[in-house]
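As a basis for the values below, the full set of heavy atoms in this structure was taken, side chains included, without hydrogen atoms, waters or symmetry mates.
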Amino acid sequence: MGVDALIVPVILSGGAGTRLWPMSRPDTPKQMLALTGEHTMLQMTADRVRFGKRYAAPIVVASARHADAIDAQLAGIGIDNACLVLEPAARNTAPAIALAALAAGGGDAPLLVMPSDHVIADQPAFQRAVDLALPLVRDGWLVTFGIAPDAPETGYGYLHIGEQVADGAHKVARFVEKPPRAAAEAMIASGDHAWNGGIFLFRADAFLNALGEHAPDILAAATAATNGATRENRHILPDPAAFAASPSESIDYAVMEKATRVAVVPVSMGWSDVGSWDALHAISKHDDGGNALSGDVTAIDSTNCLVRTDHARIAMVGVSDLIVVANGNDILILPRGRSQEVKRIIAELDDGGG
C-alpha cells in the first residue's frame, strides 16, 4: 500500500431502518430519505468521501431491490462511477464487507467502511481522524473510529480505549455490548470509553486475512459468491446460492472482537446514527418552541415536538413532547423519549394486529 494509495469508500446500504417507521419502509429505508436536509442520508454519506484525488470511486453494498434507486440518488449528486454490489440476501455486515473487499480486488487498497445512514456534522474532524488512522492501516492494523460519548446511551456498543499505539490512536482493550444504564454511566465517568460507531478503515487484504482466520465460513461463502457473480455494467450480483451459505454475523463479532491488531481513533465529529425519531429531533433545527416541523404542520402553543408529514395536514394546539409522523395512510403518535418502542408497533403490524 503506497502512501498515496486512494482510499476506497465502502458504503453499507443494506439496513431496513424500521425504527423510523412509517417514513422508513422496506422499499424506501431511511438511508433513501432526506431526513436532515435536502439530500438523502445515502447522498450525504457518498458526498462525504469525494474530496479531490483522495478517494476512489465508492463501492455500495445494498439489496438488489434498491439498485435503481441508489443509481438515481448517486447520479443526483453527480456520482456516476460507483460500483454496486447487490446482495441476494441480507447476511449482516461481515459478509457484506467481505463482498466489498473482494470487489475492490482483495489487495492492499485501504477501505473506509461506513453505514449509509449516519450523520457526521463535523466533516473536517472526520477527515483528520482518517489521517490519524492511515499509518496504522498501512501497517496492517484494523482501525475503528470511537465516537466521543456525550450521554450514557444504552443503545450503543462501547469501546474500551487501551494503550496508545500511534498519534491519536489506541489499541482497543475491549468491545462492550450494549450495556445497562448503570454500566454506561460508569464507562462515561471513567473517560476511557467511546461509542462504537460502526465506521472502519483497513486494507482489503488485512480484513480478508482476519476473516479467514476467525470466520472462514464467511470468507468461503463470499469468495464463492464473488467467483460466481454476474456483472452488469457497474453492478455485481453475487451468486445467490453461494452467498446464502454464509453465516449472518456482524463485523464486530466475526473479526474485530477476535483479531489482535485492532485500534481505535477517538473522534468528536457531530455523529448520530439517527436510530430513532428522538435522535432525529435532537439533531434537527428547532423553532422557538423547540419543535422540529417538516411538511404541512401548524403548531400553536406547542413545545418540544417532532412533527413530519409527507401529505396530510397536521394541526396541534397546546401539546408538548410528542412525536407525530404521517406517511400516506399511516400515522405514528407517541411521547418523546419512547421512540425506541416503534419496534413494538412493527411487531404488532407484522403479526396482523394493524
Checklist entry - So does Arg203 pair up with Asp205, basic N to acidic O under 4.0 Å? => result yes

Next on the checklist: With heavy-atom distances below 4.5 Å as the criterion, would you say the side chains of Val165 and Arg261 are in contact?
Outcome noted: no

Checklist entry - Are there more than 12 heavy atoms of other residues, nucleotides or ligands under 6.0 Å from atom CZ of Arg231? => result yes

Checklist outcome for this item: Rounded to the nearest 0.5 angstrom, the CE-CG distance for Met316 and Asn291 is 6.0 Å

Checklist entry - Is the side chain of Arg91 donor-acceptor paired with the backbone N or O of Ile218 at a distance under 3.5 Å, no angle test? => result no

Next on the checklist: Is it the case that the side chain of Gln127 and the backbone of Arg48 share a donor-acceptor pair, with hydrogens and angles ignored and the cut-off at 3.5 Å?
Outcome noted: yes

Next on the checklist: Is there a side-chain contact between Leu112 and Pro110 in this structure, where contact means two heavy atoms from C-beta onward sitting under 4.5 Å apart?
Outcome noted: no

Checklist entry - For the atom pair NE2 (His39) and CD1 (Ile77), what is the distance rounded to the nearest 0.5 Å? => result 6.5 Å

Item to check | Contact check, side chains of Tyr158 and Trp195, non-hydrogen atoms, under 4.5 Å | outcome: yes

Checklist entry - Does atom CG of Asn233 have more than 12 heavy-atom neighbours, drawn from other residues, nucleotides or ligands, at distances under 6.0 Å? => result no

Checklist entry - Does the side chain of Leu74 reach to within under 4.5 Å of the side chain of Val60, using non-hydrogen atoms? => result yes

Next on the checklist: Between Ser116 and Thr45, is there a side-chain donor-acceptor contact under 3.5 Å, judged purely by atom types and distance?
Outcome noted: no

Checklist entry - Would you call Val130 and Tyr55 a side-chain contact if the rule is heavy atoms closer than 4.5 Å? => result yes

Next on the checklist: Quick one about Ser190 and Asp192 (side-chain donor to acceptor, distance below 3.5 Å, no hydrogens or angles considered), yes or no?
Outcome noted: yes

Checklist entry - Are any of the side-chain heavy atoms of Leu134 and Ile7 separated by less than 4.5 Å? => result yes

Item to check | Heavy-atom donor-acceptor pair, His66 side chain to Pro26 backbone, under 3.5 Å | outcome: yes

Checklist entry - Salt-bridged, Arg181 to Glu185, with N to O below 4.0 Å? => result yes

Next on the checklist: Quick test of your reading of the model: are Arg234 and Asp71 salt-bridged, counting only N-O distances below 4.0 Å?
Outcome noted: no

Checklist entry - Quick one: ring-ring contact (aromatic ring centres under 6.0 Å, His included) partners of Trp271, sequence neighbours excluded? => result His118, Tyr156

Item to check | Fellow cluster residues of Val317, listed by chain then number, with links counted only when side-chain atoms sit under 4.5 Å apart | outcome: Ile300

Next on the checklist: For the NE2 atom of His214 and the CE atom of Met256, what is their distance to the nearest 0.5 Å?
Outcome noted: 10.5 Å

Item to check | Taking every non-hydrogen atom, the tightest pair across Ala62 and Ile70 | outcome: CB-CD1, 3.3 Å

Item to check | Closest non-hydrogen atom pair, Ala184 against Pro152 | outcome: CB-O, 3.7 Å

Checklist entry - Got a second to check how far Phe207's CZ is from Leu102's CG, nearest 0.5 Å? => result 9.0 Å

Item to check | Interatomic spacing from CD in Glu177 to OH in Tyr253 - rounded to 0.5 Å | outcome: 9.5 Å

Checklist entry - Between Pro216 and Glu213, what is the shortest heavy-atom contact and its length? => result CD-O, 4.3 Å

Next on the checklist: Going by side chain to side chain contact (heavy atoms under 4.5 Å, CB included), Ile345 matches just one of Thr18, Leu334, Leu332. Which one?
Outcome noted: Leu332

Next on the checklist: Which residues pass the ring-ring contact (aromatic ring centres under 6.0 Å, His included) test with His235, not counting sequence neighbours?
Outcome noted: none

Item to check | Under 3.5 Å: donor-acceptor pair, side chain of Ser246, backbone of Ala221 | outcome: no

Item to check | Arg174 and His193, any side-chain heavy atoms less than 4.5 Å apart | outcome: yes

Next on the checklist: Show the nearest heavy-atom pair for residues Ala254 and Glu249, with the distance to one decimal.
Outcome noted: CB-OE1, 3.4 Å

Checklist outcome for this item: What one should report as the nearest heavy-atom pair of Ile59 and Val8 is CD1-CG1, 3.8 Å

Checklist entry - Mind checking whether Leu201 and Val10 sit in one hydrophobic cluster, side chains of I, L, V, M, F, W, Y counted as touching below 4.5 Å? => result no

Next on the checklist: For a 4.5 angstrom cut-off between non-hydrogen side-chain atoms, does Met269 reach Ile199?
Outcome noted: yes

Checklist entry - Does CZ in Arg344 sit with more than 12 non-hydrogen atoms of other residues, nucleotides or ligands closer than 6.0 Å? => result no

Item to check | Separation of Phe175 CZ from Lys258 NZ (nearest 0.5 Å) | outcome: 12.0 Å

